[in-house]
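All remarks here apply to the structure that follows.
Remember, it's 1-based here, ligands and their atoms both numbered in the order they're listed. Along the sequence shown, the residues carry numbers beginning at 1. As the structure is a computational prediction, the values presented were derived from the model and not from experiment.
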Amino acid sequence: MKPIHILNGPNLNLLGKRQPEIYGHDTLDDVATLCRQAAGGVEIVQRQSNHEGQLIDWIHEARQDASGIVINAAAYTHTSVAILDALNTFEGPVMEVHISQVHRREAFRHHSFVAQRADGVIAGLGIEGYAAAVRRICQLNRKD
Ligand code: CA2
């Protein structure tokens with residue numbers, strides 16, 4: 001089984017270091033640990049970038065190298081047709097994750113371009129949402 005790629009968008013490098021009232025105290029390292037526990041032996045590759053083009057390049061790389069993508073595109077979720085277009089070239093399962101409950105926040109966070117491609121969307125579970133997304137990808141890949 002190829003690895004599952006976890007892709008994180010802009011500002012998520014600050015997870016656990018700023019705004020804990022919204023995003024909690026856990027860091028991206030904690031996300032990776034949780035996802036490895038959820039993956040049942042499937043390798044987890046986690047990345048974060050503040051740059052849209054870098055995220056797109058990683059999605060292209062996943063076309064060959066990944067059995068699924070978990071993506072928290074952060075603010076690009078709400079703005080990026082380019083990330084949607086890239087995800088549409090990936091053939092495996094895609095899960096969209098948001099740490100916060102975006103639908104209880106500002107209206108501009110209610111629309112997601114990523115959701116047009118995602119096989120599932122998780123919001124408001126904190127970093128546990130990443131683990132749930134990994135479990136779902138493993139389940140979808142077992143059905144193939
Ligand atoms: O809830 C989420 O996971 C979001 O994707 C986070 C994005 C936000 O733009 C989305 O609407 C919802 C923001 C990520 C910023 O991450 C930070 C983490 C800690 C401290 C500051 C920013």
- Message: Is the contact between I22 and ligand 1 made by the side chain, the backbone, both, or neither, using heavy atoms and a 4.0 Å cut-off?
- Response: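 I22 to ligand 1: no contact under 4.0 Å from either part.
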Short version for R109: what comes under 4.0 Å of ligand 1, heavy atoms counted, is side chain
Ligand 1 N/O within reach of N72 N/O, cut-off under 3.5 Å
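The answer is yes, given that N72 and ligand 1 share an N or O pair closer than 3.5 Å.
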field: Distance-only N or O hit between ligand 1 and Q19, under 3.5 Å
entry: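 In this structure, Q19 places no N or O atom under 3.5 Å from an N or O of ligand 1.
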Between [X] and [Y], is any side-chain donor less than 3.5 angstrom from a side-chain acceptor?
X    : Y    : result
E96  : S112 : yes
N50  : E52  : no
Q139 : R136 : yes
T27  : D30  : yes

Protein contact to [atom] [nearest heavy atom, distance to 0.1 Å]:
atom                    : result
atom 12 (C) of ligand 1 : V102 CG1, 3.6 Å
atom 4 (C) of ligand 1  : H98 ND1, 3.7 Å
atom 20 (C) of ligand 1 : R18 O, 3.1 Å
atom 13 (C) of ligand 1 : Y23 OH, 3.3 Å
atom 2 (C) of ligand 1  : I99 N, 3.3 Å
atom 1 (O) of ligand 1  : S100 OG, 2.6 Å

Next on the checklist: Check this for me, if you would: do D65 and R63 make a salt bridge, where the nitrogen-to-carboxylate-oxygen distance has to be below 4.0 angstrom?
Outcome noted: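 Salt bridge absent between D65 and R63.
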Report task. Anything under 30° is parallel, anything over 60° is perpendicular, the rest tilted; go ahead and classify H103 against H110. Result -> tilted
*asked:* Is the distance from the ring center of Y23 to that of H25 below 6.0 Å?
replied: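 Here the rings of H25 and Y23 have centres that are no less than 6.0 Å from each other.
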Filtering N8, N11, T77 for the heavy atom nearest atom 16 (O) of ligand 1 leaves N11
Could you list the atoms of ligand 1 found under 4.0 angstrom from a heavy atom of L15?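 Here the atoms of ligand 1 in question are 18 (C), 19 (C).
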(message) If the cut-off is 4.0 Å to any non-hydrogen atom of A75, which atoms of ligand 1 fall inside it?
(response)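 The atoms of ligand 1 under 4.0 Å from a heavy atom of A75 are 9 (O).
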Q | Heavy atom of H78, distance to ligand 1 below 4.0 Å | A |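 Checking ligand 1 against H78, which is what was asked, there is a heavy-atom contact under 4.0 Å.
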All heavy atoms of Q48 vs all of N11, minimum pair found to be NE2-N, 3.9 Å
Per side-chain contact (heavy atoms from CB on, under 4.5 Å), I71 is matched among N8, I6, I83, V97 by I83
